**Student:** 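A single structure is presented below for examination.
Throughout, protein chains are lettered first and strands after them, A, B, ... in sequence-line order, and every chain is numbered starting at 1. Note that the structure is predicted; figures quoted are calculated from it, not measured.
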There are 2 protein chains.
Amino acid sequence: MKRTTKDIFYKDETEKLAKYAKALAHPTRIKILNYLDSKSCCFTGDIVEIFPLAQSTISQHLKELKIAGLIQGELKPPKIKYCINDDNWKEAQRLFKNFFNKNIIDENE
Amino acid sequence: MKRTTKDIFYKDETEKLAKYAKALAHPTRIKILNYLDSKSCCFTGDIVEIFPLAQSTISQHLKELKIAGLIQGELKPPKIKYCINDDNWKEAQRLFKNFFNKNIIDENE
DNA sequence: AATACTTATCGTACATTTGCGATAAAAGAT
DNA sequence: ATCTTTTATCGCAAATGTACGATAAGTATT
């Protein structure tokens, strides 16, 4: 039996941070989030237009961002309006901030 | 010819952020960085001991962190001492901070 | 030079990610 | 009911990531 990462236990914060980092680990997804950020919200089609990528590819990236919790979709038939998920965005912000500041501010880990 | 992500152009900041995010996209690497952070520096062997993973696996994770620029190794024969790379650490910190604050502070992107 | 110690690298296996085109699904408009 | 629009999902191919054991490489010690 091969060992998988699932067999190893990490702190909840560590796993959450890794999850958010994974969502940000592709320039397309960062650009999507920047775009969503600047527009507050927008439709899938708007995002597809700013990339030389297939609609299915963008849809897949959006799905990953949704699964990671960084965005949320709202039905506006026949379109879908995507927005940043503020709660999780703030959580991710806090986790990254905490992570990078640890060596400066928080000495006990 | 299949298109690859390399054919698409992103802002330098976007690519850097994605690179750092990718380095953080695995809980083992986050835990390694937390450990390095708390100890300032340590040897490969010390890190291997805190994980139920093969030495070669840890070495590979260290390599990725080194390639991403988040850590650096110094020869202390027969060991290798690893430390956080402060300059790049600070750059990553700045990039993430900037990214998450954009919707709050910096409205023009 | 031979040995011991530490760490990197190689080769392999399997899983996941990333991209595409084609198709399905959902809902409004005709 | 049918058509159109929009977006998600499916199936596939190629690339990348993650893990392992075995081996190589580098250096100190004997």
**Student:** Can you measure A:K31 atom NZ to C:dT18 atom C1' for me and round it to whole angstrom units?
**Tutor:** 17 Å
**Student:** Is it the case that one hydrophobic cluster holds both B:V48 and B:L65, taking links as side-chain heavy atoms less than 4.5 Å apart, direct or via other members?
**Tutor:**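 Same cluster: B:V48 reaches B:L65 through Ile, Leu, Val, Met, Phe, Trp or Tyr contacts under 4.5 Å.
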**Student:** Expressed as a whole number of angstroms, how long is the span from B:K81:NZ to D:dG26:C1'?
**Tutor:** 19 Å
**Student:** Could you list all N or O pairs between the protein and nucleotides 21-27 of chain C that sit under 3.5 Å apart?
**Tutor:**
residue	atom	partner	partner atom	Å
C:dG21	N7	A:S56	OG	3.3
C:dG21	O6	A:S56	OG	3.1

**Student:** Please report the distance, rounded to the nearest Å, between CD1 in A:I32 and C1' in C:dG19.
**Tutor:** 13 Å
**Student:** Do A:E91 and A:Y20 pair up side chain to side chain, a donor and an acceptor below 3.5 Å, judged on atom types alone?
**Tutor:**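 Yes, because at least one side-chain N or O of A:E91 sits under 3.5 Å from a partner of the opposite role on A:Y20.
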**Student:** Which is more 5' along DNA chain C, the nucleotide nearest A:R29 or the one nearest B:K63? Just name the residue.
**Tutor:** B:K63
**Student:** To the nearest Å, give me how far apart CD (A:E49) and C1' (D:dT7) are.
**Tutor:** 14 Å
**Student:** Closest to the B:E64 side chain: C:dG19, D:dT7, D:dT18?
**Tutor:** D:dT18
**Student:** Does A:E13 CD have over 12 foreign heavy atoms under 6.0 Å away?
**Tutor:** no
**Student:** Return the value, rounded to whole Å, for the distance between atom NE2 of A:H26 and atom C1' of D:dA15.
**Tutor:**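 Checked: the NE2 to C1' distance equals 11 Å.
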**Student:** Measure from NZ on A:K79 to P on D:dT6 and round the result to the nearest Å.
**Tutor:**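 In whole Å, D:dT6 P lies 6 Å from A:K79 NZ.
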**Student:** Following the transitive rule for hydrophobic clusters with a side-chain heavy-atom cut-off under 4.5 Å over Ile, Leu, Val, Met, Phe, Trp and Tyr, establish whether A:I67 and A:L33 coincide in one cluster.
**Tutor:** no
**Student:** For the pair B:F100 and A:W89, name the ring-plane relationship: parallel under 30°, tilted 30 to 60°, perpendicular over 60°.
**Tutor:** perpendicular
**Student:** Going by atom types only, do B:Q72 and B:N88 share a side-chain donor-acceptor pair under 3.5 Å?
**Tutor:** no
**Student:** Can you tell me how far C1' of D:dT9 sits from NZ of A:K66, to the nearest Å?
**Tutor:**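 Rounding to the nearest Å, NZ of A:K66 and C1' of D:dT9 are 11 Å apart.
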**Student:** Closest approach to the side chain of B:S59, judged atom by atom: which nucleotide of D:dA19, C:dA8, D:dT7 is it?
**Tutor:** C:dA8
**Student:** Taking for each residue the nucleotide of DNA chain D bearing the nearest heavy atom, is the 5' side occupied by A:L62 or by B:I58?
**Tutor:**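 Of the two residues, A:L62 wins.
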**Student:** Let me confirm one number: the CG-CD1 distance from B:L95 to A:I30, rounded to the nearest 0.5 Å.
**Tutor:** 9.0 Å
**Student:** Tell me whether the side-chain N/O atoms of A:Y82 come closer than 4.0 Å to OP1 or OP2 in D:dT6.
**Tutor:** no
**Student:** Looking only at side-chain N and O atoms, does B:H61 come under 4.0 Å of OP1 or OP2 in D:dA19?
**Tutor:** yes
**Student:** Which listed nucleotide (C:dT16, D:dA8, C:dT7) is nearest to the side chain of A:K22?
**Tutor:** C:dT16
**Student:** Tell me what B:F51 touches on the nucleic acid: a base, only sugar-phosphate, or nothing, going by heavy atoms under 4.0 Å.
**Tutor:** nothing
**Student:** Please determine whether the number of non-hydrogen atoms from other residues, nucleotides or ligands lying under 6.0 Å from atom NZ of B:K97 exceeds 12.
**Tutor:** no
**Student:** For residues A:N101 and B:Q93, report the shortest heavy-atom separation together with the two atoms involved.
**Tutor:** OD1-NE2, 2.6 Å
**Student:** Provide, to the nearest angstrom, the distance between the CD1 atom belonging to A:I47 and the P atom belonging to D:dT7.
**Tutor:**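 Roughly 9 Å, once rounded to whole Å.
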**Student:** Which angle, rounded to 10°, do you find between the first-five-pair axis and the last-five-pair axis of the helix from C:dA1-D:dT30 to C:dT30-D:dA1?
**Tutor:**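 One end's axis against the other's: 10°.
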**Student:** Cation-pi check for A:F43 against A:K81: NZ or CZ below 6.0 Å from the six-membered ring centre and within 45 degrees of the axis, yes or no?
**Tutor:** no
